[in-house]
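These notes are about the structure you will find just below.
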Amino acid sequence: GEFFNPPSEVKIMSDVVMVSDSRAKTLRFLAAADQVLSKASKMLANVDRPDCTGGYLAWTDSNGVPFIAGLMWGSMPADKAVKRQETALEKATRLALHNLHRTSYRSRNPKALVIIDGVEVLRPRWGGAIRAGADILSFSGFPEKWDEAAMFVLAIKLGWISRDDVFRH
């Protein structure tokens with residue numbers, strides 16, 4: 001698969017097994033995620049987006065408590081890695097805070113500002129997280145609508161939502 005397991009990721013992987021329902025569920029999730037993200041990356045390469053080869057995946061409960069806080073998938077420039085990890089978790093956390101929203105796209109704001117040490121800083125809020133049954137799935141690494149579409153496909157593949165559920169979003 002495309003998942004990396006440097007020492008900092010190994011701890012996350014072992015924690016996931018303890019937090020999620022079962023080791024089998026976690027392994028099934030990771031295998032399905034790898035298949036979906038690999039296919040999306042290949043499709044993007046065919047539409048002149050060969051730069052979409054990696055990102056971060058987050059899987060949380062409905063309150064935004066992570067099972068997987070940021071698992072790196074694929075490859076990406078080092079200068080994008082931290083931002084993509086933060087963005088994947090931010091999307092999931094934001095969706096958890098908006099109980100009536102089914103996707104983080106509903107609360108997107110490309111011009112969002114936050115105040116850090118008294119200074120306004122641009123912190124865009126993007127789509128890419130979805131509710132999937134009792135959980136939230138999020139990805140950051142593709143164009144925002146592709147992030148979200150990949151999470152819908154993953155949730156369907158896992159049987160957490162149906163194809164009909166996608167159109168209710």
Side-chain angles (χ1 to χ4, degrees), residues 1-17 19-20 26-60 64-97 103-117 119-130 132 135-158:
E2 291 288 327
F3 288 104
F4 290 102
N5 291 312
S8 62
E9 298 295 342
V10 172
K11 182 179 184 313
I12 292 171
M13 295 282 288
S14 62
D15 287 348
V16 168
V17 172
V19 173
S20 75
T26 300
L27 294 175
R28 186 171 167 264
F29 172 84
L30 294 173
D34 187 41
Q35 289 174 348
V36 169
L37 296 172
S38 293
K39 180 71 172 174
S41 180
K42 288 175 186 161
M43 290 170 69
L44 282 161
N46 289 331
V47 291
D48 297 324
R49 288 302 306 265
D51 57 318
C52 297
T53 58
Y56 274 85
L57 178 68
W59 169 24
T60 75
V65 177
F67 297 115
I68 297 177
L71 182 65
M72 182 171 40
W73 174 85
S75 60
M76 70 197 87
D79 63 327
K80 296 199 182 270
V82 171
K83 185 65 176 164
R84 287 182 180 171
Q85 183 178 23
E86 290 171 353
T87 301
L89 193 54
E90 182 279 324
K91 292 173 184 182
T93 304
R94 177 167 34 94
L95 182 54
L97 293 172
T103 72
S104 62
Y105 195 85
R106 292 264 323 267
S107 59
R108 76 187 291 272
N109 182 353
K111 297 179 182 176
L113 297 173
V114 297
I115 298 175
I116 300 175
D117 295 329
V119 177
E120 284 189 346
V121 178
L122 180 66
R123 287 284 197 266
R125 303 295 186 222
W126 303 110
I130 67 157
D135 296 339
I136 295 173
L137 302 177
S138 177
F139 186 73
S140 180
F142 300 149
E144 105 182 276
K145 289 183 179 178
W146 280 78
D147 286 348
E148 201 157 282
M151 295 301 93
F152 275 122
V153 172
L154 175 57
I156 291 167
K157 187 172 188 65
L158 291 166

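The closest donor-acceptor contact from the side chain of S104 to the backbone of L95 lies at 3.5 Å or more, if one exists at all. Between the side chain of S138 and the main chain of A88, a donor-acceptor pair closer than 3.5 Å is present. A donor-acceptor pair under 3.5 Å links the side-chain atoms of R94 to the main chain of W126, judged by distance alone.
Among pairs with a residue in residues 140-157, those fulfilling salt bridge (Lys or Arg N to Asp or Glu O under 4.0 Å) read K91-D147, R108-E144, at least two apart in sequence or across chains.
Annotation: side-chain hydrogen bond (donor to acceptor under 3.5 Å, both in side chains) contacts of T93 (sequence neighbours excluded): none.
No side-chain heavy atom of T60 sits less than 4.5 Å from a side-chain heavy atom of D135. W59 places none of its side-chain heavy atoms less than 4.5 Å from the side chain of L30. Two residues are said to be in side-chain contact when any heavy atoms from C-beta on lie closer than 4.5 Å; F67 and F29 fail this criterion. Proximity of L44 to K42: side-chain heavy atoms (C-beta onward) are nowhere separated by under 4.5 Å.
To the nearest 0.5 Å, the span separating CZ on R123 from CD on E86 amounts to 7.0 Å. S41 contributes atom OG, which lies 5.0 Å from atom CZ of F142 (distance to the nearest 0.5 angstrom).
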Could you walk me through whether Y56 and L89 pass side chain to side chain contact (heavy atoms under 4.5 Å, CB included), step by step? CA-CA 9 Å; Y56 274 85; L89 193 54; over 6 Å; no
